[in-house]
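Scroll down for the structure; my scribbles are underneath it.
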Protein chains: 2
Amino acid sequence: MLLKYPHSNRVLVATDCIIFGFDGEELKLLVIKRNFEPEQGKWSLMGGFLNENEDLEVGAKRILHELTGLENVYMEQLHTFGEVKRDPVERTVSVSFYALINISDHDAELARSKNAYWQSLETMPDLIFDHGRMVQMALQRLRYKAALHPIGFELLPEKFTIPQLQRLYEAIYSQAFDRRNFSRKILSTKLLKDTGEKNEQSLTKKAILYRLDQERYQKQFNAFIHFISDF
Amino acid sequence: MLLKYPHSNRVLVATDCIIFGFDGEELKLLVIKRNFEPEQGKWSLMGGFLNENEDLEVGAKRILHELTGLENVYMEQLHTFGEVKRDPVERTVSVSFYALINISDHDAELARSKNAYWQSLETMPDLIFDHGRMVQMALQRLRYKAALHPIGFELLPEKFTIPQLQRLYEAIYSQAFDRRNFSRKILSTKLLKDTGEKNEQSLTKKAILYRLDQERYQKQFNAFIHFISDF
DNA sequence: TCAAAAGTGTTCCAATTACACCCATGT
DNA sequence: ACATGGGTGTAATTGGAACACTTTTGA
């Protein structure tokens, strides 16, 4: 490309990732205790600059991969933050993405080597720049989206029980649901396939392990499933 | 700011605006027949580059104002498009915004002077670059949002009738609603205030003109109103 | 045999749907 | 007086919320 636009204001573009995980109890985020400048010693989201000839999504997935070792992760663009002064070093437009990962799939050593830790949403430390706002917005979007689309599954292992799924939804919406109604509702979507196996870890009655019915999942994803009526 | 990041890839950032209007019959977009390069003679969204020391929202509002003369318009960030090759002249990251305006409020002469025309969504000409995708995404977002939040009003004059409002919703969702149920549902939100006036333009029975109850509007906006149950 | 968690069923209420009828207005 | 569009009412259906009982399992 030889001919360029005459307009002169070119800026840094970065990507920040809001990485959600679920440990069976709480919703968590993978955040970094920075051992590099700027804001060394403070907490931040994982981020990085966009490279030349790199699409936005590709850049975001690269950054996620650098921290977790994961590929093929559910990831969605959230919002672009472009306040002039948001980064005190130099103006940077940040395109944020949120990712839903199965917490046990990620490369814990790699994360550790980058100084990344899983922090509960409830006890999240203050984050640098506008990263706190990004997290708030991501949670809101997750609630929005998960009420209408079956994306919660992305946070669970391949095989999971209905009580596990319920604990996840309760964590997402900070709200308790009726066990019996929840079960009936989720089964009525026909999205779950009985694996025939049971959760052997349980101390009491062993719950049935289900997996996603991939075919129906694809079909129903863009159809609306009013799963959570109010939140 | 003297110290800068060492990273070298700085890119152009642009804003494109998807401007919705409603003429009482159809949902329309304000688009430009380009009399400038690149892609002269083709149709595109209104857009422009982000200036130095200009926030994203400010830039978007400036661009909207340049075309319509309007301020204080409902505008929401939609999505950021950053494919490397999306603009053949030079890599440009575009942050798109959609706006909802009352079509009769805008400065028609100004729009005309910029070669802008209202085009029905149904008969929209092909747009340059990825602008067609932007429009599709904006419509989807509008449907999403208008089902849960009372934003449709932004497209109507200050005083409007329930049948007008219904025609608007029918245009947004390309779907017919039952007149009686629609009326009951919208009135049950308590969002409308009877002005005491009637729509004198009507040839038959003159419908009651309502206006938004601003107080309730503010309150209920962030509460969920499940206005359209399925679409 | 008891406590804890999981699975299944039933009733009740509220909200949505599908309808029908009456009113106002200009031609 | 009639055609057109606007306003209001009601019965039937559905889906959600609330709640009780039984089963499995380890201690």
Side-chain angles (χ1 to χ4, degrees), chain A residues 23-25 146-148 150 156-157 159-171 173 175-211 220 223-231, chain B residues 23-25 146-148 150 156-157 159-171 173 175-211 220 223-231:
Chain A
D23 65 0
E25 292 289 329
L148 301 168
L156 292 176
K159 297 175 188 175
F160 54 87
T161 68
I162 291 181
Q164 276 175 349
L165 186 62
Q166 180 171 353
R167 279 190 288 276
L168 168 63
Y169 272 89
E170 292 182 333
Y173 295 100
Q175 182 185 141
F177 297 107
D178 183 273
R179 200 166 51 82
R180 297 151 288 193
N181 293 335
F182 184 89
S183 171
R184 184 155 23 83
K185 201 162 179 177
I186 198 77
L187 287 173
S188 77
T189 66
K190 309 274 187 188
L191 240 48
L192 302 192
K193 248 178 155 165
D194 190 331
T195 62
E197 296 169 66
K198 303 242 175 153
N199 179 16
E200 292 301 330
Q201 281 142 271
S202 170
L203 287 169
T204 63
K205 184 168 181 177
K206 284 144 176 52
I208 298 169
L209 283 163
Y210 293 89
R211 70 166 77 245
Q220 288 195 229
F224 281 80
I225 307 171
H226 292 276
F227 197 72
I228 306 299
S229 51
D230 263 310
F231 59 92
Chain B
D23 65 358
E25 292 290 328
L148 301 169
L156 292 176
K159 298 175 187 174
F160 53 87
T161 68
I162 291 181
Q164 276 176 347
L165 187 62
Q166 180 172 352
R167 277 190 291 275
L168 168 62
Y169 273 88
E170 293 183 332
Y173 295 100
Q175 184 185 139
F177 298 108
D178 183 274
R179 201 165 51 83
R180 295 149 290 194
N181 294 335
F182 184 89
S183 171
R184 185 154 21 83
K185 200 160 180 179
I186 198 75
L187 287 173
S188 76
T189 66
K190 309 270 187 192
L191 240 47
L192 302 193
K193 249 179 156 164
D194 191 330
T195 63
E197 296 169 66
K198 302 237 174 159
N199 179 15
E200 291 301 330
Q201 280 143 273
S202 170
L203 286 170
T204 62
K205 184 169 181 177
K206 283 143 177 52
I208 299 169
L209 283 163
Y210 292 89
R211 70 167 77 244
Q220 288 193 231
F224 281 81
I225 307 170
H226 292 277
F227 197 71
I228 306 299
S229 51
D230 263 309
F231 59 92

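Bear in mind the structure is a predicted one, so any value in this text is a computation, not a measurement. Scope of the values below: all heavy atoms of this structure, side chains included, with no hydrogens, waters or symmetry mates. In what follows, chains carry the letters A, B, and so on, assigned in the order in which the sequence lines appear, proteins first and then strands, with residues in each chain numbered from 1.
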Using every non-hydrogen atom in the two residues, find where A/L192 and A/F160 come nearest and quote the distance to one decimal.
CD2-CZ, 3.8 Å
Quick check on DNA chain C: between A/L209 and B/E200, whose nearest nucleotide comes earlier from the 5' end?
A/L209
Can you tell me the distance, in whole Å, between the CD atom of B/Q164 and the C1' atom of D/dG7?
16 Å
Can you tell me the distance, in whole Å, between the CG atom of B/N199 and the P atom of C/dT25?
12 Å
Whole-Å distance between D/dA18 P and A/F177 CZ?
12 Å
Below 30° counts as parallel, above 60° as perpendicular, anything between as tilted: where do the rings of A/Y173 and A/Y169 land?
parallel
Closest approach of B/Q166 to B/R179 (non-hydrogen atoms, all atoms of both residues)
OE1-CA, 3.5 Å
d(CZ, B/F182; P, C/dA15) in whole Å:
19 Å
Would you say A/K198 places a side-chain N or O within less than 4.0 Å of OP1 or OP2 belonging to D/dT24?
no
Starting at NZ of A/K206 and ending at C1' of D/dA27, how long is that distance when rounded to a whole Å?
12 Å
Once you round it to whole Å, what is the distance between C1' of C/dT25 and CG of B/L203?
9 Å
B/E170 side, atom CD; B/E25 side, atom CD - distance, nearest 0.5 Å
10.5 Å
B/F160 CZ to D/dG6 P, straight-line distance once rounded to whole Å:
15 Å
Testing the basics here: between A/T189 and A/Q220, what is the closest heavy-atom pair and its distance to 0.1 Å?
O-OE1, 3.0 Å
Can you tell if the side chain of A/D194 reaches within under 4.5 Å of the side chain of A/Y210, non-hydrogen atoms only?
yes
Which atom of A/I162 lies closest to which atom of A/I186, heavy atoms considered:
CD1-CG2, 4.0 Å
Check the distance between D/dG7's P and B/L192's CG and give it to me in whole angstrom.
11 Å
Establish whether the base of D/dT23 is bridged to the side chain of A/K205 by a donor-acceptor pair shorter than 3.5 Å.
yes
Classify every nucleotide of nucleotides 8-16 of chain D by which part a protein heavy atom approaches to under 4.0 Å, writing B for the base, S for the sugar-phosphate alone and - for neither, in 5'-to-3' order.
BBB-----S
